[in-house]
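In what follows, a single structure is set out as structure tokens and then discussed.
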Amino acid sequence: MERIHLKLPLDRETVLSLTAGDLLSLSGVLYTARDAAHKRLIEALDQNQPLPLELSGQTLYYAGPCPARPGFPVGSAGPTTSGRMDAYAPRLIEKGLVGMIGKGARSPEVIAAMKQYGAIYLGATGGAGALLAQRIKKAEVIAYDDLGAEAIRRLEVEDFPVVVLIDTRGNNLYESGPAAWAGPVASEPSAGVK
Amino acid sequence: MSRQIECQKVTDAVALLCQQANMELSPDIQHALEAARRSEPSPAGQAILEDLIENAALARQKRLAICQDTGMAVVFVRIGQEVQVVGGSLTEAIHAGVAKGYREGYLRASVVADPLLRVNTGDNTPAVIHYDIVPGDELEITVAPKGFGSENMSAVKMFSPSAGIEGVRQFILDTIRAAGPNPCPPIIVGVGLGGTLEKVTELAKEALLRPVGSANPKPHLHQLEQELLAAANATGIGPGGLGGRMTALAIHVEAYPTHIAGLPVAVNMSCHATRHASLNL
């Protein structure tokens, strides 16, 4: 399948047109945020404080990169498990967030918010942090520096590879994919070293 | 006769092992990934396995972490009873080695000082250290950084003996199914059977240190390993959870005697980055 090349930030119309299973190549600006940053964003919303970034139309990358070696923008930077952000995500989607990049299952509440407001859930390859870091051209902490790896970073990415995991109609690749392949394996499992 | 080992040597060894484990995927896992790539019929699954193989090569070549979750450092120490550690505290020397290894290797600091207050310690310390006292005059150190995408999907259950092998099998497969895409399949699963509550979880962790695809020497346990692997790969979860046949690279079972009233089971989930590096001082 050919990858669809898209510019970031994503516009709502494009987001609505995507289907679970589509392979995308993203270029432009993303923001990292994981557990501790999400907690702070929600606390800021609760207290009517301004957020350190304009969420509307943005895509968050659930990631906490390794420190950068000198001369590089970032260390390994793969996705973290998205489910830990489920408690916070619907609130951010309501505030205009259009995209989330991570790995792993989402809650029915998140999927309901995605359908209601038109947001998309994208997957980057879990465990491929060194590979994904090659597509990150710039990284800059823009908020919560004290959180270290969990600070919010503004990333400039080029041809960042993702797959649509859950689309705005609720189609879920984590359900359709495994359903197509479930069943006993005919041959002897041979993954190990013989 | 006792043999003296300087604390500084321990610190340097641990620092080296932290970097080696995090940047160099071990050959057994490398081979298992390549074998899985050859066996995987699902195109989406193949693409994930190709990413992981390329990622491992890149990490090794550019001295990058295989995964940005460089884990909490789990350290196994087998200390000969004839060894005398001099120049400080062995435990402190290990923690210092973790701090040095993570700092110098540009590895992520992922440890918070208190599970409720949650302030990052900044240097990935403390480590979780397991000591074993053995005959001899050698000091063997294994560093096994453990990521939490998979650690969080682990489970332990204290069964009654009546649950039997069927109950055990069901629990392990339920844990794998419930984890689904979260622990970054293809997974490696460490299973502990027997002992007590804390012993069974240690067994599960130690099972992850075995070379991938190695067999438990006891035939009934190896048979269980093979049955579980076949069942895991029939779930359809596949690499990345996107659907496929290669859900697990290996399932290792370790057992220990237990109480007449108990059948403890622990399942320690791990991803392809089941990292460990050892050194003998």
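So that the names make sense, note that chain A is the first sequence line, chain B the second, and so on, each numbered from 1. Note that the coordinates shown come from a computational prediction; the quantities given were computed from them, not determined experimentally.
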Which bit of [X] comes within less than 4.5 Å of chain A, counting heavy atoms only: side chain, backbone, both or neither?
X      : result
B:R118 : neither
B:A273 : neither
B:A44  : neither
B:P211 : neither
B:T235 : backbone

(message) Are A:P65 and B:Q68 packed together at the side-chain level, in the sense that at least one heavy-atom pair is separated by less than 4.5 angstrom?
(response) no

(request) Hey, could you give me the CG/SG distance between A:L132 and B:C67, rounded to the nearest 0.5 Å? (result) 10.0 Å

(request) First locate atom OG of A:S76, then atom CG of B:L107, and finally report the distance between them rounded to the nearest 0.5 Å. (result) 8.5 Å

(message) Sort by residue number and list every residue of residues 46-53 of chain B having at least one heavy atom under 4.5 Å from chain A.
(response) B:I48, B:D51, B:L52

(request) Given side-chain contact (heavy atoms from CB on, under 4.5 Å), test B:L242 with A:L173 step by step and report yes or no. (result) CA-CA 6 Å; B:L242 304 182; A:L173 189 59; 3.8 Å; yes

(request) Sort out for me which of A:G64, A:G123, A:A36, A:G126 touches chain B most, counting heavy-atom pairs under 4.5 Å. (result) A:G64

(request) Would you please test A:R69 and B:K62 for side-chain contact (heavy atoms from CB on, under 4.5 Å) and show each step? (result) CA-CA 10 Å; A:R69 285 188 182 277; B:K62 297 202 170 189; over 6 Å; no

